[in-house]
Amino acid sequence: QVQLVESGGGLVQAGGSLRLSCAASGRTFSMSGMGWFCQAPGKEREFVADISRSGSLTFYADSVKGRFTISRDNAKNTVYLQMNSLKPEDTAVYYCAADFRSGDYARPTGYDYWGQGTQVTVSS
């Protein structure tokens with residue numbers, strides 16, 4: 001079993017920055033790929049970013065490339081999402097997820113465990 005707890009969400013003006021954190025406990029953190037997804041009201045959960053077990057590989061949705069950066073610290077069992085140049089359309093609940101099966105990183109079904117989410121609101 002894995003527990004994931006996100007933090008760092010909040011209200012920010014357009015053009016601002018936030019840093020989300022996701023603290024993991026339970027199974028060996030370094031054995032899992034980690035992803036971030038977002039879900040706006042009335043929409044499906046969407047892929048944002050993914051990072052490999054070692055941190056050497058990262059993947060991003062086209063909508064966040066150049067603005068968001070995913071990273072991880074295996075010694076602290078934590079994955080981060082640095083969000084810069086935020087836009088109102090980034091407003092959503094952001095979830096972190098753990099993948100122990102090397103599933104499809106771009107789909108929610110590729111992950112085994114999920115956090116409870118943290119709200120990000122970007123005002124115009």
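What's counted below: heavy atoms across the whole structure, side chains too, no hydrogens, waters or symmetry copies.
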Quick one: does [X]'s side chain get under 4.5 Å of [Y]'s, heavy atoms only?
X: Y113; Y: Q1; value: yes
X: E6; Y: L20; value: no
X: T109; Y: D104; value: no
X: Y95; Y: L4; value: no

- Note on the structure: Exactly one of Y94, W114, Y105 clears ring-ring contact (aromatic ring centres under 6.0 Å, His included) with F37, and that residue is W114
Rounded at 0.5 Å granularity, tell me how far [atom1] in [X] sits from [atom2] in [Y].
X: S124; Y: Q13; atom1: OG; atom2: CD; result: 9.5 Å
X: M83; Y: C38; atom1: CE; atom2: SG; result: 8.0 Å
X: T28; Y: N77; atom1: OG1; atom2: CG; result: 8.5 Å
X: Q82; Y: S21; atom1: CD; atom2: OG; result: 9.5 Å

Donor-acceptor pair, [X] side chain versus [Y] backbone, under 3.5 Å?
X: S56; Y: S54; result: no
X: N74; Y: R53; result: yes
X: Y60; Y: V48; result: no
X: R67; Y: S85; result: yes
X: R72; Y: F29; result: yes
X: T91; Y: V122; result: yes

- Item | Ring centers of F68, W36 separated by less than 6.0 Å | no
Cluster check [X], [Y]: I/L/V/M/F/W/Y, side chain < 4.5 angstrom:
X: M34; Y: M31; value: yes
X: V64; Y: V12; value: yes
X: V2; Y: I51; value: yes

- Item | K87 with D90: basic N within carboxylate O range, under 4.0 Å | no
- Item | Residue pair S17 / N84: nearest heavy atoms and the distance that separates them | OG-OD1, 2.9 Å
- Least distance between heavy atoms, A92 atom then Q119 atom: O-NE2, 3.4 Å
- Task: Begin from the C-alpha positions of D112 and D99 and carry the test side-chain contact (heavy atoms from CB on, under 4.5 Å) through to its verdict.
- Result: CA-CA 5 Å; D112 305 293; D99 163 27; 3.9 Å; yes
- Message: Using side-chain contact (heavy atoms from CB on, under 4.5 Å), reason through Y111 and D50 one step at a time and then give a plain yes or no.
- Response: CA-CA 11 Å; Y111 294 82; D50 178 86; 2.6 Å; yes
- Task: Please test V120 against L18 for side-chain contact (heavy atoms from CB on, under 4.5 Å), starting from the C-alpha separation and ending with a verdict.
- Result: CA-CA 9 Å; V120 171; L18 283 174; 3.8 Å; yes
